[in-house]
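Can you read through this structure? Questions will come right after.
Heavy atoms only: backbone and side chains are in, while hydrogens, waters and symmetry mates are out. Count residues from 1 along the sequence.
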Amino acid sequence: MKKILLISLILATFVLSCGNGGKSSNGNTEVQKSEKNNKEIDNSFDFEIYGETLEEAHKNFKTKIVDGQKTEFVPDGKPGIPPKNSKFSLVNYPSKLGEMPMYITAKENNGKKYPAIIYLNGGFGGIGDSKFDWDEESPKNNYQGADAFKRDNFVLAIPSVRGENANPGKYEMFYGEIEDLEEARKYVASLPYVDSNRIYLVGHSTGGTKVLLLSEYSKGFRAVFAMGALPDFFWATEKPDEYGGVPFDLTNPREIAVRSSLRYVRSITSPTFHFEGQEERRDILFEPMQKAADKYKIPFKKYRIAGGDHFNIIYPLTTMIAQKILADTGAKTNIQFTAEDLEKISKNIVK
């Protein structure tokens with residue numbers, strides 16, 4: 001699996017975001033000038049927190065993708081066809097740009113409704129075979145194949161987005177991709193064997209970053225679980241190469257703002273949880289996000305897993321998430337994580 005997970009990125013993000021409030025030298029002025037459609041900007045934090053929802057931001061702003069701008073993004077090519085004996089099927093879901101491939105564990109249309117989990121994998125390029133090992137299990141110290149959700153009790157969907165694989169559109173790095181993923185959710189919700197009131201969202205690393213943004217863009221998830229996400233992108237105005245380059249116009253701070261879940265935390269309506277290993281410095285970037293969520297009574301909670309890193313928390317954490325989803329059968333979600341839960345996750349880490 002391709003990963004762009006550099007220690008220098010984490011340190012640069014920490015220093016830039018905490019050292020100057022997460023703003024470029026002229027970011028505060030320029031962003032506020034371009035926020036004519038914002039209902040409110042809360043400047044009581046070191047970071048601007050917008051009253052505009054992320055969905056409104058997408059309606060009010062059009063990203064500018066710069067052709068030829070340096071980026072390490074490489075699409076995976078057409079996703080492979082699952083083996084005949086696999087639980088998975090390769091289907092296409094409709095989007096504004098055209099059909100996009102998705103792996104899904106389809107069920108018989110026998111009147112039974114299943115909870116559905118949409119899983120967003122880490123890395124860049126799509127849902128190629130190198131990222132997804134079908135019905136094989138990933139190593140438990142790097143459990144990135146959504147293995148905990150490959151069970152008969154769930155419908156598991158793994159969608160691709162624009163610019164990935166051989167898909168239409170361009171790689172936008174956490175912008176138009178969010179719109180595609182909302183269309184993927186609508187497709188999954190329309191399936192006759194899916195309980196549309198029990199659709200959950202899970203993702204790791206770059207997938208976790210998409211998860212947080214999608215939680216802010218969409219109101220269709222019962223609960224949302226992100227692992228190892230990056231909540232703020234203002235560091236990219238100073239060191240764009242640290243993330244393999246960016247495809248959008250760096251001269252416009254609004255471009256970075258609309259890709260930063262921290263700025264739009266007030267858009268979250270479904271219970272949303274973020275997890276990171278204690279050994280990862282990037283977790284500190286979630287402190288202001290949690291502070292803003294607490295102020296506005298937003299259903300967002302962030303957790304640090306003792307003894308964990310960016311990869312080894314996935315196995316025990318997703319195993320627990322699967323158990324909690326199975327037990328989440330009431331009219332409203334009852335999912336929460338206790339101190340005992342976090343201790344259990346920590347104890348079950350495989351290094």
- line: Partner of Y50 under ring pair (Phe, Tyr, Trp, His ring centres under 6.0 Å), picked from F61, Y296, Y264, F45, is Y264

D180 to Y93 - nearest heavy-atom pair and separation: O-CE1, 3.4 Å

- prompt: Is it true that R162 and E172 have a side-chain N and a carboxylate O under 4.0 angstrom from each other?
  reply: yes

- request: Indicate yes or no: at least one non-hydrogen side-chain atom of V224 is less than 4.5 angstrom from one of V211.
  value: yes

query: Do the ring centers of F275 and F225 come within less than 6.0 Å of each other?
result: no

query: Take atom NZ in K295; do more than 12 heavy atoms of anything else shown fall under 6.0 Å from it?
result: yes

- prompt: Can K302 and E287 be said to form a salt bridge (charged side-chain N to carboxylate O under 4.0 Å, His left out), step by step?
  reply: CA-CA 8 Å; K302 67 106 178 166; E287 294 292 342; 2.8 Å; yes

Test side chain to side chain contact (heavy atoms under 4.5 Å, CB included) applied to L156 and I104, step by step: CA-CA 6 Å; L156 172 61; I104 192 165; over 6 Å; no

- prompt: Any side-chain donor-acceptor pair under 3.5 Å between E182 and S218?
  reply: yes

query: Taking atom types as modelled and ignoring hydrogens, do the side chains of K301 and T272 form a donor-acceptor contact shorter than 3.5 angstrom?
result: no

- prompt: Below 4.0 angstrom, N of the basic side chain to O of the carboxylate: do K351 and D309 qualify?
  reply: no

- prompt: Taking atom types as modelled and ignoring hydrogens, do the side chains of D328 and Y200 form a donor-acceptor contact shorter than 3.5 angstrom?
  reply: yes

- request: Check whether more than 12 heavy atoms from other residues, nucleotides or ligands sit under 6.0 Å from atom NZ of K107, and answer yes or no.
  value: yes

task: Kindly determine whether R259 and T63 satisfy side chain to side chain contact (heavy atoms under 4.5 Å, CB included), including the steps that lead there.
output: CA-CA 10 Å; R259 291 167 168 86; T63 189; 2.9 Å; yes

query: How about H274 and F286: are their ring centres within less than 6.0 Å of each other?
result: yes

- prompt: With the threshold set at 4.0 Å, does a side-chain nitrogen-carboxylate oxygen contact exist between K150 and D147?
  reply: yes

message: I'd like to know whether the aromatic ring centres of H204 and F311 sit less than 6.0 Å apart in this structure.
response: yes

message: Would you say that more than 12 heavy atoms from the other residues, nucleotides or ligands in this model lie under 6.0 Å from the OH of Y315, or not?
response: no

- request: Assess whether atom NZ of K113 is packed by more than 12 heavy atoms of other residues, nucleotides or ligands within 6.0 Å.
  value: yes

message: Is it the case that the side chains of N142 and Q144 hold a donor-acceptor pair, with the cut-off being a distance below 3.5 Å and no angle test?
response: yes

message: Pair F124, E164 - check side chain to side chain contact (heavy atoms under 4.5 Å, CB included), show working.
response: CA-CA 8 Å; F124 294 97; E164 293 185 333; over 6 Å; no

message: For F234 versus I256, what's the shortest heavy-atom pair and its separation?
response: N-CG2, 3.2 Å

- prompt: Looking at Y103, is K87 sitting on its ring face, NZ or CZ under 6.0 Å from the six-membered ring centre and within 45 degrees of the normal?
  reply: no

